[in-house]
Amino acid sequence: MIEKAKKVALVGERTALKNVIDTLKATGNFQITFHKSSTNPLSNEDADLKKQYTNELNRVSGVLNYLKANNQAVNITYHNLKNVTKKQKQIENLLTEFEQAKIDATNLQTQINLNQNSIQALQKFRDLPVPAHLLKSTQNAFVLAGLISAADFTRFTNDIDTKDFIYETYPTTNKSLVVVMTGEIENQPIAETILDYNFTPFPSYYEFERTPLAQIDYLSQENLSLTNELTKQAQKYQPTAEQVELLKVYHDYLLNEIDTLEILGSTIQTKLCFVVHGWIPARIANEFTTLIRETDKNIVVTIQDATETDTPPALVHNTPLIAPYNSITMMYGAPGRNDIDPNPFVAFFYFLFFGAMFGDLGYGLLLSVITAVILLVKRPQGGTRQLIALFCMGGVSAALWGLLFNSFFGLNLPTFMMNRTIIDPLGNDATLFFALSLYLGVIQIMVGNLLNFINQLRLQQHVVAWCKGLPNFVMFVGLTLAFPSLIQKIIPLDYAAVNWFHPLMVPGLIVTLVGFAGVVLGNGIGHRIGGYMLGMFSGAYKLVNYFSDILSYARLFGVGLVGCVIAYVTNFLCGMFAGAGFIGIIFGGIVAILFHALNIALSLLSAYIHNARLQFVEFFGKFYEGTGTPFVPMASKLRYARIQNDTRK
């Protein structure tokens, strides 16, 4: 349901603006309107305060990130959000404690990473039996150690005269050599020609008094000790749920204060007065006026209906079962001022189509159970909650269609549960499924035209409604009656349910032709003869567009059939593997899990996207503009807090 919004103007003394903003936020039902010309620089005091809040917010965010706080909402009144500063001392102690824990943990992790990097660098030199501190050149002698392949070292000794220095080689496990060369300092350039033979020198910055292998063992033991210390520290500084909630509330308090200061700089102000414009739900108009007067009796409150030139925000309220489908509508656009709420109709058709494309009892139950657990345990909020709830109800639809298809993870249900298959998409009923998909499209387009006709009457566009809207609806009423028998003429459908429609075919065709004639004749109404003739041609051409629209619903059949085929092939392969004994059963089980999981993911994605596309193009195109803006009340963009107030109905 789209609720009516009223336009509000508040005028009062500038000194009361902050209190007014807090009151407006506390209602949870006021959307402020900003004006491009109403920018006011903050006072030095407010600018410094904003900077202080921003720094403190970064500090709290860092601690919450360290604590890996989830995004679970905290329900709180605006009054309690503002009063969180009464626990400032406790908050400061928590921040100081966890900041120090974060620093200590960062230092420990940094040392672990440094040690791990050293271990990785030393691995190639693990067969070197000489301590690192002995591999240092002196004033009179040089030392050069490193790794080289046996073939490259042979080339080096054949090409270079090595009589002026001595060397030792140590074989490694990967068939390379660790070479240590030493000699008088003046012969170092000759020895360094080994660098041209793919020689990897031992890093000169290592000074430990152990062999590389001993150093690797030492660093590994140190990392084990540091990891244990890190674990103990994490356990020691494990916050309670109450502490995390307090920090979340404080985080959003700071966010709210910054927002208030930004609003102060974006409202119309003079030296003495302020003006605030916005929108409220019409149902709270009297209560809103009383609340503002209680805040400051000198404030002038003006509430009026939207004019023709206004663009009021869309206040959409629906039942819990319909609300998740609002996310689909909002992807297209919020309802405009001339739109009717499409969500109840989107909910019905989206639910119905989702199951047709995802039809399997096992898949549907699994999806519903998983998403229901997430909703109950994780308690996501906002758009995430709507999406998960959408999938949860989609799982129910898939399970119901799965009963029609007699499919449980691609297998037939036991006969005591389902003794016959109502629709077999992979068998003789494939054509029935295809025809049913198109018929569902005819019904949805008919409903779209009906909503268009009703909306035109609501807007008092009577000529357009009766001459253009009604004929389109009548045409699809007739097509709905005649379609089953018509499609049987093209595709053999020997089903009793189809035979029921035979008596309706002729009346349906007559109604369809009457409606089509009305579309052609009425489409040019309101134009002169030239425009009228062009309108008639455009009306006739609609038949082609409608034919294309109906064929678009074949995607219900296509996506649903692909899912059935993948499930069937998966089970067929598993049956083949199962005949190979115990190993085959294990391998078949792995294949079943992987391929069914892949099928669920692909079917879920396809059902979500293709279903939305049918709503946007074939359905919304008939009656819905979606050119509005959503109602976004003040204090609704906090990260964790959800403002609860008695004025919010």
Side-chain angles (χ1 to χ4, degrees), residues 1-12 24 27 29-39 263 266-268 273-289 292 299-318 326 329-346 448-470 472-473 522-528 531 535 538 616 619-634 636 649:
M1 180 185 71
I2 301 177
E3 186 176 354
K4 183 180 179 181
K6 282 184 174 290
K7 185 167 60 173
V8 177
L10 305 176
V11 181
L24 295 176
T27 67
N29 277 307
F30 183 83
Q31 175 177 311
I32 192 169
T33 300
F34 294 109
H35 301 277
K36 293 181 180 180
S37 60
S38 57
T39 54
I263 292 173
S266 304
T267 52
I268 301 173
C273 300
F274 72 85
V275 178
V276 172
H277 293 110
W279 299 90
I280 61 171
R283 58 185 163 81
I284 68 163
N286 294 333
E287 182 181 1
F288 179 83
T289 302
I292 296 299
I299 294 177
V300 178
V301 182
T302 304
I303 301 178
Q304 57 187 5
D305 292 331
T307 64
E308 290 296 325
T309 58
D310 289 325
T311 306
L315 288 86
V316 181
H317 295 286
N318 285 300
N326 186 54
T329 301
M330 294 304 293
M331 283 194 296
Y332 185 86
R337 65 178 302 162
N338 294 329
D339 284 325
I340 60 177
D341 184 13
N343 288 308
F345 308 97
V346 171
N449 283 317
L450 173 61
L451 294 175
N452 183 51
F453 173 62
I454 293 173
N455 196 39
Q456 288 168 344
L457 290 178
R458 183 179 68 90
L459 298 174
Q460 298 183 354
Q461 299 173 357
H462 297 292
V463 174
V464 175
W466 293 104
C467 295
K468 296 182 180 181
L470 182 61
N472 283 277
F473 170 63
N523 203 57
I525 295 295
H527 299 280
R528 294 185 177 181
S538 175
F616 296 162
F619 191 46
F620 285 170
K622 306 299 177 289
F623 71 99
Y624 183 70
E625 295 180 358
T627 55
T629 57
F631 181 73
V632 183
M634 298 170 70
S636 64
K649 303 299 182 186

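Screening T302, V8, I268, I32 against H277 for a side-chain contact (heavy atoms from CB on, under 4.5 Å) leaves a single residue, I268.
Qualifying salt bridge (charged side-chain N to carboxylate O under 4.0 Å, His left out) partners for D305, counting only residues two or more places apart in sequence or in other chains: K4, K6. With sequence neighbours left out, K468 forms a salt bridge (charged side-chain N to carboxylate O under 4.0 Å, His left out) with no residue at all. For F623, the side-chain contact (heavy atoms from CB on, under 4.5 Å) partners two or more places apart in sequence, or in a different chain, are I340, P342, L451, N452, F619, F620. Under the side-chain contact (heavy atoms from CB on, under 4.5 Å) criterion, T627 pairs with E625, sequence neighbours left out. Under the rule for a side chain to side chain donor-acceptor pair (under 3.5 Å), the partners of E3 that lie at least two apart in sequence or sit in another chain are R283, H317.
Considering all non-hydrogen atoms of both residues, I280 and A285 come closest at CD1-CA, 3.9 Å. The heavy-atom pair separating A314 from P335 by the smallest distance is CB-O, 3.4 Å. Taking each heavy atom of P630 and M330 in turn, the nearest pair found is CB-CE, 3.6 Å. The heavy-atom pair separating A5 from L315 by the smallest distance is CB-CD1, 3.4 Å.
For residues 454-466, no residue pair satisfies the salt bridge (Lys or Arg N to Asp or Glu O under 4.0 Å) rule, not counting sequence neighbours.
Proximity of a side-chain donor or acceptor of Y624 to a complementary backbone N or O of G448 within less than 3.5 Å is not detected. A donor-acceptor pair under 3.5 Å is formed between the side chain of Q31 and the backbone N or O of V632.
Between W466 and F453, the ring planes lie perpendicular to each other; the angle is over 60°, past the 30° to 60° tilted range.
The closest side-chain heavy-atom distance from V316 to M1 is not below 4.5 Å.
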